[in-house]
Each structure stands twice: as structure tokens, then as C-alpha cells.
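Everything below concerns the one structure shown next.
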Amino acid sequence: MPGAQAHSRRTVIVAAVLIAGVLAAAGALALRLVGSDSVVLTNQSRYTEGVAGTWQRVNPLFANANEVDADLSQLVFSGLVRVGADGQVLGDLAELPEVTDEGRTYTFKLRRNLQWHDGVAVTARDVLFTARTLTDGDFSGDPLLAEGWRGAEFEIPDEQTFIVHLRQASAPFLARSATIGILPEHLLGTTPVRDLSDATFNANPVGTGPYKVEALDSREARLVAYDRYHLGKPGIQRLTLRFFSDEASATRALQGGDVDGTFVRTSPTQGQLTDLNGVKDTVTAELQRSSQLLLYLNTGNTLFRDQRVRQAISLGINRPGIVDKNFFGAATASSSPIAPGTWAYSGEYETTAQDLSRARTLLAEAGWVQSPSTGILTREGQEFRFTIRVDNDPVRFAVANEISAQLTTLGIRASISSTTFTVLHLDYLVPRRYEAALAVWDQGPDPDPYFAWHSSQMGTAGLNLANFEDPVADELISKGRTTNDLEVRKDSYRQFQEIWQDLVPGVVIAYPHSVYAYPDNLENVTAGVLFASSLRYTDVQKWRR
């Protein structure tokens with residue numbers, strides 16, 4: 001949530017209903033290790049990345065509204081904890097917390113000798129200030145950022161300890177809420193919360209992250225390595241983000257040697273892939289996103305109430321073919337509701353191969369017979385026809401048409417109706433006035449599928465858009481959501497993936513990739529699941545060139 005990132009329900013809502021439909025990256029030029037600890041700077045320890053867009057507010061509490069702000073916040077600020085390449089939670093400003101009171105109380109111990117970029121000591125008061133700002137009624141940012149904190153009580157028994165008492169146990173709290181960047185109370189404590197969005201701080205940010213802001217203007221953001229960064233001084237001394245009007249302009253700058261790297265946030269076109277692959281001395285890495293392309297089947301519709309029909313539709317789709325044809329290979333074909341490459345993913349239940357024979361058998365068992373004259377499946381005088389709703393995104397529109405063509409082989413006729421995302425969301429998905437819909441859903445960095453598939457989220461107030469209801473699935477989702485035992489959570493989600501393939505509440509098609517182009521002599525760039533674009537900078541302090 002799906003997915004700096006305040007991994008909150010906002011990620012779920014925006015990505016879900018993309019539906020669509022919200023981790024890190026970028027380059028550097030080198031510090032070379034000498035022995036085990038010391039580093040010697042070279043005159044090449046610089047890296048310039050071209051990005052589409054520009055900054056507005058470099059503040060983690062407002063970063064969800066702007067991708068460039070999220071990039072810069074990721075580099076400048078730190079959270080209590082952070083998310084690793086596979087979604088597991090790692091320590092950041094604090095070590096992993098002690099969890100007590102049946103999962104309701106989290107006790108964070110800050111690392112010793114933490115300092116803000118201006119040299120002032122970091123204390124638990126800064127964490128308390130950030131949490132209270134998020135939950136303040138005058139906060140003008142996205143209110144859903146506070147979802148995980150809302151209703152909680154806070155304690156700071158000493159300068160190094162921050163305690164959160166949640167209203168109820170919530171395992172996703174760490175990955176979705178405790179990762180938000182912490183703000184300095186000594187610089188913002190006297191600013192009224194309602195005025196925070198216009199504070200001068202947002203153009204002159206001071207954080208605890210791997211990089212300090214040296215200069216920020218309409219052309220670029222120039223950052224310098226923070227010597228006292230608690231996870232180790234970055235190997236790239238100077239990191240610059242240069243702003244461009246669009247991704248094509250950034251790519252041309254890379255081709256012309258004006259920047260060292262660039263990042264394509266959206267699914268790349270074939271032309272973009274060709275251009276990037278043609279840049280000399282450059283790696284073109286594909287980073288799988290956590291967002292899934294999903295064909296929703298409204299289980300409240302008579303066509304899709306029978307799970308055998310839903311199974312048949314899933315088996316009738318050639319996912320690898322769609323990836324090759326519509327994503328030019330830049331996606332991971334998958335039928336799993338849990339993102340491949342994450343700690344909760346279980347590959348044993350993955351099914352991506354098309355099986356038309358089995359699909360026809362299941363449809364026949366469900367009472368559908370192919371008309372000898374039209375070739376269309378019929379049952380009790382009704383033809384198997386429905387409409388796939390989709391937004392105007394060209395890739396999703398093309399995929400919807402490909403799915404329609406593939407289902408024709410089974411005798412199913414699916415027409416395509418596209419519209420704006422807003423209309424798709426408000427007129428069809430929210431009121432559940434659709435038969436099928438192709439959209440993007442993002443769980444974000446935590447695999448908890450509660451909002452998307454728990455029966456309590458049915459109805460127009462929830463995000464269970466398929467109106468799926470199953471007591472076993474509910475029990476597994478609840479168990480995985482309320483325990484902090486990682487092995488118990490893994491087992492819950494393993495079982496959930498198993499019954500998913502049987503019940504097929506939705507048809508997952510693929511997990512699209514983003515493309516990151518950077519110098520081939522840039523080392524230690526993390527290659528994991530991308531839970532948010534800004535998280536391409538995961539472990540940026542380890543980069544060397």
C-alpha cells in the first residue's frame with residue numbers, strides 16, 4: 001500500500017484504485033575502500049542523475065504528492081526503521097523495536113550519537129514531534145499518512161527511547177508507518193502545523209540521511225555526502241539530481257553525456273529500452289515494482305460467482321506472452337497476490353502457463369457449452385459476454401485488448417471500455433458497477449492484503465473491489481496482520497497464496513518493471529523489489545565508483 005515514503009494506506013488507495021494503483025536508486029562516482037574502514041576520495045566521486053519533474057517541498061511528510069520530493073526525502077531524511085530489498089524491515093535511526101503487549105506496544109531505542117545535518121543531537125523528542133505533527137488536526141498534507149499512527153499513544157521515557165502504544169496489533173505498522181522520515185523539532189517546533197507546507201525549511205531541509213542539501217534550485221539539487229551518517233559515510237561524495245520536463249529529455253541528456261544516469265518510473269516503451277540499452281558504458285537495470293496488474297472479476301456478478309469460471313479465465317491467459325508483447329519483457333509474469341522477490345512470496349503456488357485444455361474442462365463443468373454456430377459459450381440461453389473496464393493508460397488498454405483476444409479462444413467474448421481514471425474509479429469501481437476491470441494494485445512494502453481482500457472491506461467504503469468473501473482467507477489475513485512473528489506471517493501468507501490459486505478472487509497478470517540506467521562502473525546498487533521509486537536509493541551509502 002499498495003507502496004519517502006510513508007508506507008500508509010494512501011499507497012494502498014492510490015495504487016489500488018489506479019487503481020493505481022505506492023523503493024530506491026541512483027548513481028555515484030567513487031570512494032575507494034582502503035583496508036576495512038577508511039576511504040580515500042577520488043576526483044571522480046560524483047554522480048549526476050537526470051529525473052523527470054522538479055521539487056516542490058523536500059519534506060517527508062509531503063513527499064507522497066511529488067516523486068522528486070520523495071527522491072530527495074529518501075536521500076536527506078531517515079526513519080526509525082527502513083525497508084530492505086525484499087521488504088523485510090531493518091533498523092535505521094533505531095534498531096528493530098521490542099514488541100510487547102500482544103503486538104500493540106513498540107519500544108524503539110535510538111542509536112547513540114545521532115546528529116542532524118546541522119550538528120544538533122537527535123533525540124526521541126524529534127520522533128514524538130514528527131508523530132504528533134502527522135496526527136494533528138491542522139496537518140495539511142495527506143491525512144492517510146497518519147493511518148498507522150492514528151489513535152496511538154506515545155511515550156519518551158528518556159532521550160533515546162520512543163514508545164508507541166497502538167490501539168490494536170498491526171504487523172504492517174513497521175513497514176508502512178515507522179519508515180517515515182523524522183523531522184527536527186529544533187527547527188520546526190515553533191512552526192504552526194497548518195503552516196508547515198509553506199515553511200522555508202522545505203527548500204532548506206535538514207535531515208539525518210546519507211546526503212545533505214548543498215544547493216537547490218529549479219535546475220538541480222546538489223547534495224553532498226554526510227560524514228556522520230549512522231549507516232556509514234556514502235562512497236559518492238557529490239550526488240546531483242538534475243531536473244527535466246519529461247523522461248525523454250532526461251534520456252537525451254544521458255545519451256549526450258550531460259548526466260550519468262536516469263530513471264524511468266513508468267513502464268518503458270520499446271523505443272525507451274532501445275535508447276537506454278544503446279548508451280555506451282551504461283547498465284540498464286530493470287527493477288520489479290511491487291505493484292501488480294490485476295484483472296478484477298466482480299464476484300457479485302452471476303458470471304463470476306463460480307470459482308471454476310474464475311479459474312478458467314486465469315488459466316486461459318498467456319501471461320508471459322502479455323509481458324513480451326505489451327511490456328517488451330519489462331515485467332514479471334505472475335499469478336501471485338504476493339510480489340515475487342519479497343520475503344512473503346511462495347513460488348510453489350505460482351502458475352503462469354496458459355492451459356486452455358484445463359480451462360475448457362472447468363467451463364464445461366460450470367455448465368458453459370460452446371455454440372456450434374457462433375463459437376460463443378452459452379449457459380441456459382445466456383452468452384458468456386462481459387465488459388472489461390480500464391483507464392486510458394495505453395499499456396493497460398493494450399493489455400485489456402490482449403486478454404480479450406486470448407479469451408476468445410475459449411469462447412468468451414470480452415469487450416473493452418476505456419475512460420479516465422477518475423471516471424473508472426468513481427463511476428465503476430467504488431460503486432462496484434462493473435463486470436471486470438483491469439487496474440493496478442500495490443500492497444506497498446508489507447504483504448498484508450487486508451484492505452484488498454478481507455471481507456470486512458467489501459462495500460463502497462472499502463477496497464475489496466471484487467466483493468470477495470471467504471472465511472478461511474479472512475482468518476489467514478487476520479493472522480498475518482496481527483502477529484509480529486515473521487515465520488507465522490510467512491506461513492499465513494503461504495497458505496493465502498495456496499487458496500488464492502483455488503478460489504481466484506482476482507487474476508494477477510504481471511508485476512511491471514521500472515528501468516534504471518547508471519554507469520557500468522557504479523558498484524553496489526541494490527537490485528531488489530521496488531516498493532516506491534525513491535527506494536532505488538536503498539543503501540545508497542554503499543555505492544562506489
Side-chain angles (χ1 to χ4, degrees), residues 1-2 9 12-13 16-17 19 168-172 292-317 334-339 342 344-352 358-359 362-363 365-368 386 429-444 446-483 488-509:
M1 313 198 309
R9 186 173 172 190
V12 170
I13 290 177
V17 227
I19 283 182
Q168 57 189 19
S170 175
Q292 60 188 235
L293 185 62
L294 175 68
L295 179 66
Y296 282 93
L297 302 175
N298 191 339
T299 60
N301 187 284
T302 55
L303 287 175
F304 305 120
R305 286 177 185 163
D306 192 321
Q307 72 187 65
R308 292 171 297 186
V309 171
R310 303 194 299 270
Q311 288 174 354
I313 290 176
S314 181
L315 289 169
I317 294 174
S334 177
S335 64
S336 173
I338 305 292
T342 61
Y345 173 72
S346 182
E348 62 184 301
Y349 305 114
E350 184 68 270
T351 304
T352 60
R358 176 62 179 156
L362 288 166
L363 289 167
E365 289 176 357
W368 291 97
F386 64 93
L429 296 171
V430 171
R432 289 10 177 220
R433 285 198 290 265
Y434 74 95
E435 294 165 308
L438 187 70
V440 173
W441 175 270
D442 196 344
Q443 296 291 136
D446 192 276
D448 166 43
Y450 175 82
F451 292 113
W453 301 110
H454 195 275
S455 64
S456 66
Q457 301 303 297
M458 295 170 61
T460 57
L463 289 171
N464 182 343
L465 301 172
N467 284 322
F468 172 68
E469 185 175 17
D470 181 75
V472 176
D474 279 354
E475 182 180 355
L476 292 170
I477 291 171
S478 296
K479 188 175 183 180
R481 181 176 174 81
T482 56
T483 179
V488 173
R489 297 194 78 198
K490 282 182 179 179
D491 186 61
S492 295
Y493 297 138
R494 180 194 60 77
Q495 292 183 67
F496 178 68
Q497 289 169 83
E498 181 181 13
I499 67 169
W500 176 280
Q501 300 300 340
D502 183 46
L503 299 179
V504 194
V507 180
V508 177
I509 306 298

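Sequential numbering from 1 along the given sequence is applied to the chain's residues.
In this structure, the separation between OG on S334 and CG on L294 is 11.0 Å, given to the nearest 0.5 Å. Between atom CG of residue D502 and atom CD of residue Q497 there is a gap of 14.5 Å, rounded to the nearest 0.5 Å. Taking OG of S336 as the reference point, atom CD of Q292 lies at 8.0 Å (rounded to 0.5 Å). Expressed to the nearest 0.5 Å, how far CG of L463 lies from CH2 of W441 amounts to 4.5 Å. Remark: D474 CG to W453 CH2 distance equals 12.5 Å, nearest 0.5 Å. Rounded to the nearest 0.5 Å, atoms CZ (R494) and CG (L476) are 9.0 Å apart.
Open room surrounds NZ on K479; 12 or fewer heavy atoms of other groups in view lie less than 6.0 Å from it. In this structure, E348 places its CD atom where more than 12 heavy-atom neighbours from other residues, nucleotides or ligands lie under 6.0 Å away. Within a 6.0 Å radius of CD in E475, other residues, nucleotides and ligands contribute 12 heavy atoms or fewer.
A heavy-atom distance below 4.5 Å is not found between the side chains of P447 and Y345. For the pair H454/N464, no side-chain contact is recorded, criterion being any heavy-atom separation below 4.5 Å from C-beta on. Proximity of Y450 to S456: side-chain heavy atoms (C-beta onward) are separated by under 4.5 Å at one or more points. In this structure, V507 and L297 have side chains that are in contact, with non-hydrogen atoms separated by less than 4.5 Å. Within the 4.5 Å cutoff, the side chain of N301 has no heavy atoms near those of the F386 side chain. Taking 4.5 Å as the limit, every side-chain heavy atom of Q311 sits out of range of all side-chain heavy atoms of S314. Inter-residue side-chain proximity for I338 and W500 is flagged as unmet; no heavy-atom pair is nearer than 4.5 Å. Counting only heavy atoms from C-beta outward, the side chains of I313 and V504 never approach each other to under 4.5 Å.
The minimum heavy-atom distance between L295 and I509, with the atom names listed, is N-CG1, 4.5 Å. D446 and A171 make their closest contact through OD2-O, 4.1 Å (heavy atoms, listed as atom of the first residue, atom of the second, distance). The nearest pair of heavy atoms linking N298 to Y434 is ND2-O, 3.0 Å. Residues D306 and A366 share a closest heavy-atom pair of OD2-CB, 3.6 Å.
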**Message:** If you apply the rule side chain to side chain contact (heavy atoms under 4.5 Å, CB included), what do you find for R310 with T299, and how did you get there?
**Reply:** CA-CA 9 Å; R310 303 194 299 270; T299 60; 4.0 Å; yes
**Message:** One pair to check against side-chain hydrogen bond (donor to acceptor under 3.5 Å, both in side chains): S335 and Q501. What are the steps and the verdict?
**Reply:** CA-CA 8 Å; S335 64; Q501 300 300 340; 3.1 Å; yes
**Message:** Under the criterion side chain to side chain contact (heavy atoms under 4.5 Å, CB included), I'd like the reasoning laid out for R489 against D448: C-alpha separation, chi angles, the key distance, then a yes or no.
**Reply:** CA-CA 9 Å; R489 297 194 78 198; D448 166 43; 4.1 Å; yes
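R305 places a side-chain N or O within 3.5 Å of a backbone atom of G300 that can act as its donor or acceptor partner. With hydrogens and angles ignored, the 3.5 Å screen pairs a side-chain donor or acceptor of Y493 with a backbone N or O of G480.
Remark: R432 fails to qualify as a cation-pi partner of F468 under the 6.0 Å distance and 45° angle criteria applied to the six-membered ring.
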